[in-house]
Protein chains: 2
Amino acid sequence: MLRQAVKLNDCSMREYLRPNAGLQAHAIACKMIEGRALIGGIRQLNKSFVSADDVAKRAGVSRSAVSRTFTPGASVSDETRQRVMAAAQALGYHVNQLARGLMRSESGIVCLVVSEMDTPYRARLVRALTHELQRAGKISMLINTDRSDGSVDAALRQTLHYRADASILLSGLPDKAITKLCLDSGQRIVLINRDDEIDGPFRINLDDGHAARVTVSAFLRAGCRHLALANSAVGTPSLMARERGFVAAAAEFGLDVTVVRHGNTVYESGRKIAQTLFAEPKQPDAVFCVNDLMAFGLMDGARHDFGLRIPEDVCVVGFDDIEQAAWASYALTTFSQPVDEIVKNSIAWLANHGGESQPEVRSINLHAPMIWRKSIRGMQRPIS
Amino acid sequence: MLRQAVKLNDCSMREYLRPNAGLQAHAIACKMIEGRALIGGIRQLNKSFVSADDVAKRAGVSRSAVSRTFTPGASVSDETRQRVMAAAQALGYHVNQLARGLMRSESGIVCLVVSEMDTPYRARLVRALTHELQRAGKISMLINTDRSDGSVDAALRQTLHYRADASILLSGLPDKAITKLCLDSGQRIVLINRDDEIDGPFRINLDDGHAARVTVSAFLRAGCRHLALANSAVGTPSLMARERGFVAAAAEFGLDVTVVRHGNTVYESGRKIAQTLFAEPKQPDAVFCVNDLMAFGLMDGARHDFGLRIPEDVCVVGFDDIEQAAWASYALTTFSQPVDEIVKNSIAWLANHGGESQPEVRSINLHAPMIWRKSIRGMQRPIS
DNA sequence: GAAATCTTTGCACACGCTTGCAAAAAGGCG
DNA sequence: CGCCTTTTTGCAAGCGTGTGCAAAGATTTC
């Protein structure tokens, strides 16, 4: 492409022919070449971003002055600042964060790595994270990791390409080598509910075990004796923790648990599991579903396919407390994901960039409170 | 900060003292200063990204060679490419897209501007867009515009800061001046369901009117005579189009429509509207809700607060066909947002960057097919 | 084997910004 | 008014990349 060559020649020639010709005209002439130049027309369709140079010229100051005007805390006189601002306003100037990031080696970008982000819980988390990151002066890049093994690694690679300041992983677990690479590159990594053992990232987890125990005792108080657990087949650490906790707590009371694992953590899986569970001779009278979506599927299966009533015939508890759990058709008793807490902690940890050497917090465990609705018999009692 | 000065001096001095010392060592020495240098320790905690220069040195080639290796279609010999790749691999090099964007004046960034993105329909759209953008080699930035007037403008400003190649607006409507600024800066803008009249952006809309008409005739065929419409109070163009279309179509059959507008397009609003609507002496026997969430609220209100049966006592139709519409508790007849079509068209239009001067497509109208479920009496008949 | 062609490579400049440094301007003080 | 201190300003180098240009090297052709 000879765009640059042409532009250069053109500009320098003009400058040579009439030195000190209007700077404004100079700028426009360049732009014309750069954008779509209209033959014979003066209509400037300068399709390109305006730079600090343009502003400086118009304001009659140096580029440094412009830069300082837009750098909080830099030394600029009031007069200069005002002239710069006026010029910037008129030209529609916006600091180029890419270039700024290059210099400051801090892009302001935070990557959110997530799969199936249209899932209610994930969507809520992404929204809250994005919102708070914005308030903290960061901007979020969304990277999808649907399916395919190694797609989390690819996502982290993207993260490196864009020199993200940090990455927040809501799904999947990256290869240790890649994680290390990111950390070595100066990135900060937050793992939400991923329960990895790798050192370096900040890990946020929930007290899944506690929730499971609370569920068991609530079922027992409701008079249930045939406990079941509906899990997905994917076996995420946190899902497995819920399962283990539930089975263990039941065992303490000498009760067996029918465990069914199927599909993903979605509605259809729950419904399918209902078909398995309630077709057995020994129908369960209480089911703990590892997330709300599965709980809804299970409830609909129980009601529509087997004519069971909830909570009279079967009690159900979910996890996540997504919006739909409050809908009258479900009124699901469930555990609330402390989204705000998660977000607050993530961002606080990210913001704590300055304090380097002091022993850093490595992980945190948050409490998921039970939200009592109507999918379980009886009243809520204070939790031990 | 004197980081740079120190680094420079240090490196050059070392080079001077022992010329041709291992290049590797040289790189590390520099890094040490740049990252956290440990006094007296060789433990290199080089917290920083590796650059093309580092790779070039290690591979014993010029930086251009590295650049060309990572530029598809550039001229590099197989041997050089391989050496570069090996060095890049070993060092964990990733092209800096920020710098590349600076040169190419094409950042590869596409901004998604959206409010309340945890709403099922929006979340689905964001996911699909992100996914396809990734496949097209772009990366998506998510900008939240919750609440506060002028936040869309602020979002577009961010868009400029990061030199986004394009912005896709799913919510709100920006000020014309800002829109123009973006366009003048060479950005491409897509408005999804925003129905603005401004020239320049690509607009994708649905045939809301047609859907409304189809709904009326379905209601009539089901024997309904007391039509109602549940709308939100926000009055988005597309929502109003559905309302107008519905009222107009009903009028053609000489029927009045009870219109209720309340709150946002959420579950609670639907439930509230049910309380208004079914408390009246003349209870409607058919309600068109401008989106699914409101429909669910309305259905739950009708069932739980008034003991009505759906579709026996009242028929309901929604809009969006979000996941929950297929759930057994609702089985909502609704209109399917052609998400894939929307995404496909958006991206195709964005990709069409080269063809500048030919008359561009300015807007497109997509069809939202009716998805027949059980919230309306009778069978589906072919739509005229 | 020389001439002509094609391929590969390094140099150097550009992109738009920040920032240390030193010079210039402004302000304070006796 | 002169000297000293503080503030403001421009210069220039640098961040990590792409790419035109010309030189060098490899390959083909006669």
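Each chain gets a letter, A, B and so on, in the order the sequences are listed, and its residues count up from 1. Quick caveat: nothing in here was measured; it's all calculated off a predicted structure.
Note on B:Val95: only backbone sugar-phosphate atoms sit closer than 4.0 angstrom, heavy atoms only; bases stay farther off. Residue-level contact check: A:Val76 touches the backbone only, with heavy atoms under 4.0 Å from sugar-phosphate atoms and none from bases. At the heavy-atom level, B:Phe70 lies nowhere under 4.0 Å from the strands shown.
For B:Ala65, the side-chain atoms get nearest to C:dG10 when compared with the rest of C:dC17, C:dT18, C:dG10. With C:dT9, C:dG16, C:dG10 as the candidates, the nucleotide lying closest to the side chain of B:Ser75 is C:dT9.
With rounding to whole Å, A:Lys57 atom NZ is found 14 Å from D:dG10 atom P. Put simply, CE on A:Met103 is 14 Å from P on D:dA13, counting in whole angstrom units. The CG atom of A:Leu91 sits 13 Å away from the P atom of C:dG16 (whole-angstrom rounding). Atom pair B:Glu106:CD and C:dC15:P shows a separation of 17 Å (rounding to whole Å applied). What separates CG of A:Asp78 from C1' of D:dT6 is a distance of 16 Å, to the nearest Å. If you take OH of A:Tyr162 and P of D:dC15, they are 22 Å apart, rounded to a whole angstrom. The CZ atom of A:Arg100 sits 17 Å away from the C1' atom of D:dG14 (whole-angstrom rounding). Rounded to a whole Å, the CZ atom of B:Arg104 is 11 Å from the P atom of D:dG20.
The closest side-chain heavy-atom distance from B:Thr179 to B:Leu183 is below 4.5 Å. You'll find the side chain of A:Asn96 stays beyond 4.5 Å of the side chain of B:His161, heavy atoms only.
Taken to the nearest 0.5 Å, the OH atom of B:Tyr162 stands 11.5 Å off from the OG atom of B:Ser107.
A salt bridge links B:Asp165 with B:Lys138; the closest basic N to acidic carboxylate O contact falls under 4.0 Å.
Distances shown here put every side-chain N or O of A:Ser77 at or beyond 4.0 Å from the OP1 or OP2 atom of C:dA26. The shortest distance between the side-chain N/O atoms of B:Tyr93 and the OP1/OP2 oxygens of D:dT17 is below 4.0 Å. Not one side-chain nitrogen or oxygen of A:Arg63 sits closer than 4.0 Å to the OP1 or OP2 atom of C:dT18. When the side-chain nitrogen and oxygen atoms of A:Ser67 are compared with OP1 and OP2 of C:dT19, none of them lie within a distance under 4.0 Å. In terms of phosphate contacts, B:Ser62 brings a side-chain nitrogen or oxygen within less than 4.0 Å of OP1 or OP2 of C:dG10.
Interface remark: the A:Ser64 side chain does form a donor-acceptor pair with the D:dC11 base, using a distance-only criterion of under 3.5 Å. The base of C:dG20 sits with one of its N or O atoms less than 3.5 Å from a complementary donor or acceptor on the side chain of A:Arg68. In this model, no side-chain donor or acceptor of B:Arg81 finds a partner on the base of C:dT8 within 3.5 Å.
Each of B:Glu79 and A:Asn96 was matched to the nucleotide of DNA chain C holding its nearest heavy atom; the match closer to the 5' end belongs to B:Glu79.
Residue A:Thr159 forms a side-chain contact (heavy atoms from CB on, under 4.5 Å) with just one option from A:Ser167, A:Pro174, A:Ser185, and that option is A:Ser167.
Aromatic pair A:Tyr93/A:Phe70: centroids less than 6.0 angstrom apart.
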